[in-house]
Amino acid sequence: MRLAPNPNGPWHLGNARMPAVIGSYKEMYDGWMCCRFDDTDPETKRPDLDAYDGILDAIDYLGFEPDEVVRASDRVETYYEHARNLIDEGGAYACSCPQGEFSDLKNGGESCPHRDQDPETIHEEFDRMVAGEYDSGEMVLRVRTDIEHKNPALRDWVAFRMVDTPHPREAAAEYRCWPMLDFQSAVDDHLFEVTHIIRGIDLQDSAKRQGFLYDYFGWEYPEVTHWGRIEVDEYDVPLSTSSIKELVAEGELDGWDDPRAPTLASLERRGIRGDAVVEAMTELGVSTSSADLAMSSVYSANRERVDDGTDRAFLVRDGERVPVEGGPDEGHPPVHPEHEDRGTRDVPLGEAVLLEPADVPADGERVWLKGWGPVRNEDGTLVYTDESIDVVREGDVDVVHWVDAGENVPVRMRTMDGDIAGHAERGVAGYDVDDLLQFERVGFVRVDSTEGDEFVVYFTHR
RNA sequence: GCUCUGGUAGUGUAGUCCGGCCAAUCAUAUUGCCCUCUCGAGGCAAUGACCGGGGUUCAAAUCCCCGCCGGAGCACCA
């Protein structure tokens, strides 16, 4: 099998479907999989040099490793060779018709005058294409299919065209005559002995186009499956490399890993594990109808993976300062409620706490400061009541999270809906970048930066 | 317009090829209850679907026909 990405930018969630599905099949059947960069358009789909490694990193993040990595732009001579063979077989001809004219002829099912040239002339013209003697648009090499085929999309398609813009990769910068995807991909799939192709429905006519090539060469076409378009809820930003690129350039997004961007880099930064994304993707299956991916299924898969190993902590958002009277000077909530052996935390409590506004009890009402004890609001002061935990069990008193008003860690939590300022318990200062935490009653986060006077975390999900 | 292709609960999916075991599976979601010093986890329960209409048949999600509604291609993009 093969992954055939176009390296024109960092990957978004939609791109993850390719390695998720194909990589999973590869593992399931102990197959072989390569990553082949289909970078044969130096102009309209101009490759981004950083994207080659970026895509490999993304595949790694998802938990897969290609058995081989190749770039189509390194294999241009191979394509030329097959083009010459095809001309010998009578399967191709050079054509200098202007695009519009050819299109009109084609739609009418009529041949153009170049279709029946003799092989010598075609070879000569193709050699001149390879030598770069034509400019963009002057000459193409077409595959001779069936000019009266009932599906106009399959009639005499272009195999090679001229591109004036040099390829960004130095090794390929001299080529001017480039194969089209249908030709390049067809040749490579055969040469690499690909047995199964899984790709998007946008390429559903490709198999039929390439079938003509396989017939000329006497090859057997691989099994093909197509999946439909995928959309993701919860994001305002569309699942499109070019539009994300635009938003980043305009400064609407802080970068490719902005939490509002539906990119893999963003999910990784938020602390979502690659295999959770894979699980959600493979659940979508390979139906050709379009599908909405619910982010909740990614979150659910991720929560299942991280919940058990993630330490708990308190984070108070938009804290309201309330004085406290009496009680112990420290609280000891557990590091993880299901794992007593991991111990307890030490959360100091001085003369006042910070509570989320909605958690502040009304005058005369009680609340249980989690891991510390019960208090009653008496004229704006929380007075320790020294009651047993039974008051919570009886359902009369809510349990809330809190931090000391003086001794805490200011935190900036970045979410899809913007940044939230808060204060976390003292102990979170001991965590490092990439550590995961669950802020109780708030949600999971990944520690992103501990430098400076601000502790930055990325919100994962509840 | 021409050519493909598809329509099962909010979302995704199983079942469709080879009609009956499908008063339709599983997951997620939502709601309620239990448990819990988290609104997390765990447990229990509820909600909720075969695009429509004909036909064939003892029997149709499944086969046939006609509609309706999507998606894709018809590029010197991938």
Side-chain angles (χ1 to χ4, degrees), chain A residues 4-8 37-41 43-47 72 95-100 102-103 106-107 134 136-142 149-155 157-163 177-182 184-185 199-209 226 228-233 241 279-285 287-301 303-304 306-308 310 312-314 331-334 336-338 358 368-374 389-393 397-401 438-444 461-462:
Chain A
N6 169 16
N8 67 341
F37 291 104
D38 284 351
D39 55 349
T40 55
D41 182 357
E43 199 167 287
T44 9
K45 292 268 164 98
R46 187 170 178 77
C95 171
S96 60
C97 292
Q99 218 175 132
F102 183 85
S103 180
K106 180 194 73 178
N107 290 334
Y134 295 108
S136 164
E138 284 184 348
M139 187 68 78
V140 297
L141 188 75
R142 289 187 185 280
H149 193 104
K150 63 174 181 172
N151 185 348
L154 308 188
R155 297 173 188 166
W157 48 274
V158 172
F160 286 82
R161 85 301 205 179
M162 305 302 299
V163 182
C177 174
W178 286 95
M180 300 288 288
L181 173 83
D182 280 323
Q184 174 265 121
S185 174
R199 60 188 168 200
I201 43 167
D202 47 329
L203 263 23
Q204 65 190 342
D205 286 338
S206 271
K208 288 169 190 156
R209 270 199 285 261
H226 297 102
R229 183 154 189 90
I230 174 180
E231 278 165 42
V232 185
D233 63 357
T241 306
E279 180 177 319
M281 284 293 168
T282 51
E283 270 175 6
L284 289 185
S287 144
T288 53
S289 48
S290 52
D292 287 356
L293 170 68
M295 279 309 290
S296 60
S297 68
V298 175
Y299 298 156
S300 165
R303 198 180 291 120
E304 202 172 283
V306 301
D307 182 59
D308 196 65
T310 304
R312 309 291 134 125
F314 293 153
H332 298 285
H336 190 112
E338 265 98 68
W368 187 284
L369 300 183
K370 191 173 161 84
W372 185 81
I389 190 66
D390 292 338
V391 296
V392 171
R393 296 203 173 116
V397 178
D398 290 334
V399 176
V400 303
H401 55 106
Q438 191 214 51
F439 285 136
E440 300 193 57
R441 306 212 297 148
V442 175
F444 291 86
H461 49 62
R462 283 195 15 198

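Just so it is clear, the model here is predicted, and its values are computed rather than measured. Every chain is numbered from 1, with letters handed out A, B, ... down the list of sequences.
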Item to check | Closest-nucleotide 5' rank along RNA chain B - winner of Trp368(A) and Ala294(A) | outcome: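 Its nearest nucleotide lies further toward 5', so the answer is Ala294(A).
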Checklist entry - Closest nucleotide of RNA chain B for Met180(A) versus for Arg155(A): which of these residues is on the 5' side? => result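 Closer to the 5' end of RNA chain B: Arg155(A).
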When all nucleic acid strands are considered with a 4.0 Å heavy-atom cut-off, which category describes [X]: base, sugar-phosphate, or nothing?
X         : answer
Ile389(A) : base
Ser103(A) : sugar-phosphate
Val140(A) : base
Thr310(A) : nothing
Cys95(A)  : nothing
Lys370(A) : base
Gly228(A) : nothing
Ile201(A) : sugar-phosphate

Which nucleotide in [options] has an atom nearest any side-chain atom of [X]:
X         : options                : value
Ala153(A) : A78(B), C74(B), U28(B) : C74(B)
Ser287(A) : G40(B), C76(B), U13(B) : U13(B)
Glu440(A) : A78(B), C74(B), U38(B) : U38(B)
Leu203(A) : A29(B), U38(B), A78(B) : A78(B)
Ser297(A) : A29(B), C74(B), U28(B) : U28(B)

Item to check | Test side-chain contact (heavy atoms from CB on, under 4.5 Å) applied to Asp292(A) and Asp233(A), step by step | outcome: CA-CA 7 Å; Asp292(A) 287 356; Asp233(A) 63 357; over 6 Å; no
With both distances under 3.5 Å as the test, what is the Watson-Crick or G-U wobble partner of [N]?
N      : value
A23(B) : none
U62(B) : none
G73(B) : C2(B)
U56(B) : none
G67(B) : C51(B)
G42(B) : C34(B)

Next on the checklist: For U28(B), does the base pair up with any side-chain atom of Glu283(A) as donor and acceptor (N or O, under 3.5 Å, distance only)?
Outcome noted: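 No, no donor-acceptor pair under 3.5 Å.
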If you measure from the [atom1] atom in [N] to the same atom in [M], how many Å do you get, rounded?
N      : M      : atom1 : answer
G70(B) : C58(B) : C1'   : 37 Å
C18(B) : G6(B)  : P     : 16 Å
U56(B) : U5(B)  : C1'   : 27 Å
C64(B) : C77(B) : P     : 40 Å
A41(B) : C35(B) : C1'   : 11 Å
A14(B) : A27(B) : C1'   : 11 Å
G52(B) : C4(B)  : C1'   : 24 Å
C2(B)  : G67(B) : P     : 13 Å

Nearest whole angstrom, please: distance from the [atom2] of [N] to the [atom1] of [X].
X         : N      : atom1 : atom2 : answer
Asp292(A) : G6(B)  : CG    : C1'   : 15 Å
Gln204(A) : G71(B) : CD    : C1'   : 9 Å
Asp202(A) : C77(B) : CG    : C1'   : 11 Å
Leu154(A) : U5(B)  : CG    : C1'   : 14 Å
Glu338(A) : A41(B) : CD    : C1'   : 5 Å
Asn151(A) : U3(B)  : CG    : P     : 8 Å
Ile230(A) : A72(B) : CD1   : P     : 14 Å
Phe444(A) : C39(B) : CZ    : P     : 13 Å

Item to check | Ionic contact status for Asp398(A) with Lys370(A), cut-off 4.0 Å | outcome: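 Judged by the 4.0 Å cut-off on N to carboxylate O distance, Lys370(A) and Asp398(A) do not form a salt bridge.
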Can you tell me if the side-chain N/O atoms of [X] get under 4.0 Å from OP1 or OP2 in [N]?
X         : N      : result
Arg312(A) : U38(B) : no
Ser289(A) : U5(B)  : no
Lys208(A) : U3(B)  : no
Gln99(A)  : C76(B) : yes
Ser185(A) : A78(B) : no
Arg161(A) : C77(B) : yes
Arg441(A) : G40(B) : no

Checklist entry - In this structure, which one of Leu141(A), Thr40(A), Val140(A) forms a side chain to side chain contact (heavy atoms under 4.5 Å, CB included) with Phe160(A)? => result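 Among Leu141(A), Thr40(A), Val140(A), the one meeting side chain to side chain contact (heavy atoms under 4.5 Å, CB included) with Phe160(A) is Leu141(A).
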Checklist entry - Distance from Met162(A) atom CE to Tyr134(A) atom OH, nearest 0.5 Å? => result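 Going from the CE atom of Met162(A) to the OH atom of Tyr134(A) covers 8.5 Å.
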Determine whether [X] and [Y] make a side-chain contact, defined as any pair of heavy atoms from C-beta on separated by less than 4.5 Å.
X         : Y         : value
Thr241(A) : Asn6(A)   : no
Arg199(A) : Ser206(A) : yes
Met281(A) : Leu293(A) : yes

Next on the checklist: More than 12 heavy atoms of other residues, nucleotides or ligands under 6.0 Å from CZ of Arg441(A): yes or no?
Outcome noted: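 It does: Arg441(A) CZ has more than 12 such atoms within range.
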Checklist entry - Has the side chain of His336(A) got a donor or acceptor atom that lies under 3.5 Å from a matching backbone atom of Thr310(A)? => result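 Side chain of His336(A) to backbone of Thr310(A), a donor-acceptor pair under 3.5 Å: yes, one is there.
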